[in-house]
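Starting from 1, each residue takes its place in the sequence as its number. The structure presented is a predicted model; accordingly, all values stated were derived computationally and were not measured.
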Amino acid sequence: MGQTHVMVTVRNPLERQRCWEGRFLVDTGATDSLVPRRCLEAIGIEPRAKRSYRLADGSEHEFDTAFAEFEFMDDLAAVRVIFGDDGCEPLLGVIALESTGTVVDPEGGELTRRAVLRL
């Protein structure tokens, strides 16, 4: 399976008119979503906590985190967002995907929506 990307609008939940749109790599191995720091700061989202994450290479790093609204595929999710390095590729993690009932088709790599969410 190749890489899957999706356009996401990131909104400041306290000032919803402030937003940033970017092309995100769908990362089903990532729990939370990652956005370049400069993009989050540009829309007024400030770090609220620090959290440790294990990266794909096995190393552990501590990152600033906050909450943001993510809009993609005609749906909305309130998710934890990681402040990434300014040059990083934005990542869409599984919590955002599951919050909207979105799954990745393993054959074609396309995003699809579940007809019904589990309660």
Shortest non-hydrogen contact from I43 toward N12: O-ND2, 2.9 Å
4.5 Å side-chain heavy-atom contact, C19 and E69: no
Going from CG on L92 to OG1 on T4, what distance comes out if it is rounded to the nearest 0.5 angstrom? 10.5 Å
Is the closest side-chain heavy-atom distance between C88 and L34 below 4.5 Å? yes
Which residue pairs pass the salt bridge (charged side-chain N to carboxylate O under 4.0 Å, His left out) test with at least one member in residues 77-89, sequence neighbours excluded? D32-R80
Please give me the minimum heavy-atom distance between F83 and F63, naming the atom from each residue. O-CD2, 3.6 Å
Which distance, rounded to the nearest 0.5 Å, do you find between the CD of E98 and the OG1 of T31? 9.5 Å
Co-membership, hydrophobic cluster, residues F67 and L14, 4.5 Å side-chain: no
Is any side-chain heavy atom of W20 less than 4.5 Å from a side-chain heavy atom of L40? no
Should we say atom CD of E46 is surrounded by more than 12 heavy atoms from elsewhere, each under 6.0 Å from it? no
Of all heavy-atom pairs between M7 and F72, which one has the smallest distance, and what is that distance? O-CB, 3.5 Å
With no hydrogens and no angle check, is any side-chain donor or acceptor of R11 less than 3.5 Å from a backbone partner on R16? yes
Side chain to side chain contact (heavy atoms under 4.5 Å, CB included) involving V79 - partner list, sequence neighbours excluded: F70, A77, I95, A96
Can you list the residues that meet the salt bridge (Lys or Arg N to Asp or Glu O under 4.0 Å) rule with R18, with sequence neighbours excluded? E15
When clusters are formed by joining ILVMFWY residues with side-chain heavy atoms under 4.5 Å apart, either directly or through shared neighbours, do V10 and M73 land in the same one? yes
Cluster overlap F24 with V81, hydrophobic side-chain contacts below 4.5 Å: yes
Under the criterion salt bridge (charged side-chain N to carboxylate O under 4.0 Å, His left out), which of R48, K50, R51 is the partner of D64? K50
Does S33 use its side chain to pair, donor to acceptor, with the backbone of G93 at less than 3.5 Å? yes
Roughly how far, to the nearest 0.5 Å, is the OG1 atom of T100 from the CD atom of E71? 11.5 Å
Joint cluster assignment, V35 & V8, ILVMFWY side-chain distance < 4.5 Å: yes
Show the nearest heavy-atom pair for residues T28 and V104, with the distance to one decimal. CG2-CG2, 3.9 Å
So do L111 and V26 actually touch side chain to side chain, heavy atoms under 4.5 Å? yes
Applying a strict under-4.5 Å side-chain criterion to I, L, V, M, F, W and Y, I'd like to know whether L97 and V6 cluster together. yes
Is the shortest distance from a Lys or Arg side-chain nitrogen in R113 or D74 to a carboxylate oxygen in the other one below 4.0 Å? no
